Amino acid sequence: QVQLVESGGGLVQAGGSLRLSCAASGRTFSSYAMGWFRQAPGKEREFVAAISWSGGTIYYADSVKDRFTISRDNAKNTVYLQMNSLKPEDTAAYYCAAAISDSDWYGLASLRRKYDYWGQGTQVTVSS
């Protein structure tokens, strides 16, 4: 069983920055691919960014490319999402997710069904 706990959300003005963290339990965190998704009220959960177990492969949604950066620290069992130049349309609950097996994750990292465990989410609100 893997437990994921997100933190770092909050209220920020447009143009500001936030860094989200996702702390994972378990000794095999370094073998998981990790992803960030978000869900705005009344909308489906959508892909934001993902990172392979080694950090060597990274994917971003077009809407956040060049503004958001995903990274991980396997020694701390933590994955991060640095969010810069935030826009009101970035307002959503942000969720991290873990994919236990990355053998078929590459190229499909934006799909929710590729992830086995999910956190409870952290709210990000961007005011205009």
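The structure displayed is predicted, hence computed values, not measured ones.
For the pair Y95 and G119, the tightest heavy-atom approach, listed with the atom from each and the gap, is CD2-O, 3.5 Å. Taking all atoms of both residues into account, the shortest heavy-atom contact from T91 to V126 is OG1-N, 2.9 Å. The heavy-atom pair separating V79 from I70 by the smallest distance is CG2-CG1, 4.0 Å. Considering every non-hydrogen atom in both A109 and Y115, the closest pair reads O-OH, 2.6 Å. Minimum heavy-atom separation, A98 to L4: N-CD1, 3.7 Å.
Under the 6.0 Å distance and 45° angle rule, R72 does not count as a cation-pi partner of Y80. Figure legend: R112 and F37 shown without cation-pi pairing, the cationic atom not lying both under 6.0 angstrom from the six-membered ring centre and within 45 degrees of its axis.
Panel note: side chain S85, backbone R67; no donor-acceptor pair is recorded below 3.5 Å. Between the side chain of N74 and the main chain of W53, a donor-acceptor pair closer than 3.5 Å is present. The closest donor-acceptor contact from the side chain of Y32 to the backbone of A24 lies at 3.5 Å or more, if one exists at all. Between the S52 side chain and the A33 main chain, no donor and acceptor come within less than 3.5 Å of each other. Of the possible polar contacts, one joining the T122 side chain to the G9 backbone as a donor-acceptor pair under 3.5 Å is found. No side-chain donor-acceptor contact under 3.5 Å links Q82 to the backbone of T69.
Note that OG of S128 and CD of E89 are 10.0 Å apart. Values are rounded to the nearest 0.5 Å. The CZ atom of R38 sits 11.0 Å away from the CG atom of L20 when rounded to the nearest 0.5 Å. In this structure, CG on D73 lies 11.0 Å from OG on S30, to the nearest 0.5 angstrom. Atom CD1 of I51 sits about 9.0 Å away from atom OG1 of T57, to the nearest 0.5 Å. Once rounded to the nearest 0.5 Å, the distance linking CE of M34 with OG1 of T78 reads 9.0 Å.
With respect to D62 and K65, a salt bridge is recorded, a charged nitrogen being found less than 4.0 Å from a carboxylate O.
Taking the side chain as every heavy atom from C-beta outward, W36 and E6 approach each other to under 4.5 Å. Using a 4.5 Å heavy-atom cutoff, the side chains of V124 and M83 are in contact. Between W105 and Y59, some side-chain heavy-atom pair lies under the 4.5 Å cut-off.
By the neighbour-count criterion of 12 heavy atoms within 6.0 Å, atom CD of E46 is densely surrounded, having more than that number from other residues, nucleotides or ligands. Counted within 6.0 Å of CD on Q120, heavy atoms from surrounding residues, nucleotides or ligands total 12 or fewer; the atom is thus considered open.
Linking Ile, Leu, Val, Met, Phe, Trp and Tyr whenever their side-chain heavy atoms come within less than 4.5 Å leaves F29 and V5 in two separate clusters. I58 and L81 fall within the same hydrophobic cluster, defined by Ile, Leu, Val, Met, Phe, Trp and Tyr side-chain heavy atoms under 4.5 Å apart, directly or through other members.
Using a 3.5 Å distance cut-off with no hydrogens or angles, the side chains of S17 and N84 do pair a donor with an acceptor.
The aromatic rings of F68 and Y94 are tilted relative to each other, their planes meeting at an angle between 30° and 60°.
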*Would K114 and F47 satisfy side-chain contact (heavy atoms from CB on, under 4.5 Å), going step by step from the backbone distance to the final call?*
CA-CA 11 Å; K114 291 300 177 183; F47 171 73; over 6 Å; no
*With side-chain contact (heavy atoms from CB on, under 4.5 Å) as the test, would you mind laying out the steps for V2 and D116 before giving the verdict?*
CA-CA 9 Å; V2 176; D116 304 285; over 6 Å; no
